[in-house]
Amino acid sequence: MPELPEVETTRRSLVPVMEGRRFESVAIRRPRMARRNVRPVDVVDRLEGRRLDRLGRIGKFMVGDVEGDITLILHLGMSGKFQIKDIGEPEDMHTNVVFTTDAGQEIRLVDPRTFGFVAAHTPEELEFSSIGSLGPDALEALPPVASMGKVMAGRKVAIKTLLLDQRFLAGLGNIYADEVLSRAGIRGDRESGSLTVDEVRAIRAAIGPVLRAGLKHGGTSLDDLAYLLPDGRAGQFTSRLRVYGREGEHCRTCGTLIKRTVLGGRSSFWCETCQV
DNA sequence: AACGATCCCTGTTGGC
DNA sequence: TGCCAACAGGGATCGT
């Protein structure tokens, strides 16, 4: 599933073919993909003929600066993949959005489950857009321990649920949240307010290494429906996961069998020996 | 206010 | 073998 490392890997491969290029055309094949704009047609009207100056990222959102004060937002949802093709190459199933650049290439968003989206916003729309209430980026702007602790104090919400809250921290999804908690030695169902300063410090310290490891190996590809790099390759971090998807397998640290429980409606994997 | 539950969507999987 | 319910999950929204 695309989380911060997968989105950043995708962004890095899109930068060379998109930054500095002009959108010749934008085709929304599935109207639902433009649902974050009040008027879906605005996505086309606001992008066509304009140049993308920069493609950045906040959390799992790719955020582009477009000529004329337009902000482009790209989100992979859970099954979104970008492809870079020459004009006219045969299209795969579920090719839902196609950007054609002035370099004669097509940037295609293929997304079977359509949880992903594309949006184009004016400056006054941004505050109310999907990036309007995003927290700091988990890789580039990790807050100090004190400010993380402040948010957790007095809260009963499970720490994993908080790690998944994009207003608290932008970028962690179900897989990397479990991996962070495993590395930090903390159970995901612990009440946020019950964590000691040292435990908060351990969680904070685990976030960078886990995300950078994911990034280094091109992200995580759990199955063929899930995330792939724009060149079609699968992410190689999957085989290095500590806990996620490893129910019944041995903990890499102590050998205890990995447990699966449901937390906040999401599958959670953890080691009952290593995580307290 | 805080937090849990539900919905969106479709390919895959597991049970009968 | 074939069918169908259950499952997966990021984010928005609704209900308590």
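Numbered from 1 within each chain, the chains take letters A, B, ... in sequence-line order. Computed over heavy atoms, backbone and side chain alike; hydrogens, waters and symmetry mates excluded.
You'll find that the side chain of A:Lys60 is closest to C:dG11, out of B:dG11, C:dA8, C:dG11. Of the candidates B:dG11, B:dC9, C:dG10, the closest approach to any side-chain atom of A:Glu3 belongs to C:dG10. Closest to the side chain of A:Asn174, from the set B:dC9, C:dG10, B:dC3, is C:dG10. Here the side chain of A:Arg32 is nearest to one of B:dC9, C:dG10, C:dA8, namely B:dC9. Distance from the side chain of A:Val157 is smallest to B:dG4 among C:dA8, B:dG4, C:dG11.
Side-chain atoms of A:Glu199 come within 3.5 Å of backbone N or O of A:Thr196 as a donor-acceptor pair. A side-chain donor-acceptor contact under 3.5 Å links A:Gln166 to the backbone of A:Leu172. Distance alone, capped at 3.5 Å, is enough to place a donor-acceptor pair between the A:Ser79 side chain and the A:Arg113 backbone. Between the side chain of A:Glu179 and the backbone N or O of A:Leu241 there is no donor-acceptor pair closer than 3.5 Å. Judged by distance alone, with hydrogens and angles left aside, the side-chain atoms of A:Glu67 form no donor-acceptor pair with the main-chain N or O of A:Asp53 at under 3.5 Å. Using a distance-only test at 3.5 Å, with no hydrogens or angles considered, no donor-acceptor pair links the side chain of A:Arg108 to the main chain of A:Lys85. Under the 3.5 Å distance criterion, the side-chain polar atoms of A:His217 are left unmatched by any main-chain donor or acceptor of A:Phe237. Formation of a donor-acceptor pair under 3.5 Å by the A:Glu48 side chain with backbone atoms of A:Val26 is found in this model.
Between the side chains of A:Arg32 and A:Thr114, at least one donor-acceptor pair of N or O atoms lies under 3.5 Å. For the residue pair A:Thr101 and A:Arg22, no side-chain donor N or O sits within less than 3.5 Å of a side-chain acceptor on the partner.
The distance between atom CZ of A:Arg35 and atom P of B:dC9, rounded to the nearest whole Å, is 8 Å. In this structure, the NE2 atom of A:His75 is 8 Å from the P atom of C:dA12, given to the nearest Å. Straight-line distance from the NE2 atom of A:His94 to the C1' atom of B:dT12: 12 Å, rounded to whole Å. Taking atom CD1 of residue A:Ile58 and atom C1' of nucleotide C:dG10, one finds them 17 Å apart after rounding to whole Å. At whole-Å resolution of the value, CD in A:Gln166 and P in C:dG10 are 8 Å apart. Atom-to-atom, CG of A:Asn96 to P of B:dG11 comes out at 11 Å; the value is rounded to the nearest Å. With rounding to whole Å, A:Asp111 atom CG is found 12 Å from B:dG11 atom C1'. The distance from atom CD1 of A:Ile175 to atom C1' of C:dA8 is 11 Å, rounded to the nearest whole Å.
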Produce the list of close N/O pairs, under 3.5 Å, pairing protein atoms with atoms of nucleotides 13-16 of chain C; give distances to one decimal.
none

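Using a 4.0 Å heavy-atom criterion, one finds that A:Phe61 contacts the sugar-phosphate atoms exclusively.
Judged by closest nucleotide on DNA chain B, A:Gly264 is the one of A:Gly264 and A:Phe115 placed further toward the 5' end.
OP1 or OP2 of C:dA8 sits under 4.0 Å from a side-chain N or O of A:Arg260. Side-chain N/O atoms of A:Ser79 include none lying less than 4.0 angstrom from OP1 or OP2 on B:dC9.
Taking 3.5 Å as the limit, the base of C:dA8 and the side chain of A:Arg113 contain a donor-acceptor pair of atoms between them.
Defining each end axis of the helix from B:dA2-C:dT16 to B:dC16-C:dG2 as the rotation carrying four pairs' C1' atoms onto the next four, with five pairs an end, the two axes are found to diverge by 60° to 10 degrees.
Less than 4.0 Å separates DNA chain B from at least one heavy atom of each of the following residues of residues 129-156 of chain A: A:Arg155, A:Lys156.
Under 4.0 Å is where a charged nitrogen must lie from a carboxylate oxygen, and between A:Lys160 and A:Asp189 no such pair does. A:Glu272 and A:Arg187 are not joined by a salt bridge, as no carboxylate oxygen comes within less than 4.0 angstrom of a charged side-chain nitrogen. At a threshold of 4.0 Å, the pair A:Lys60-A:Glu6 does not count as salt-bridged, since none of the basic side-chain nitrogens sits closer than that to a carboxylate oxygen.
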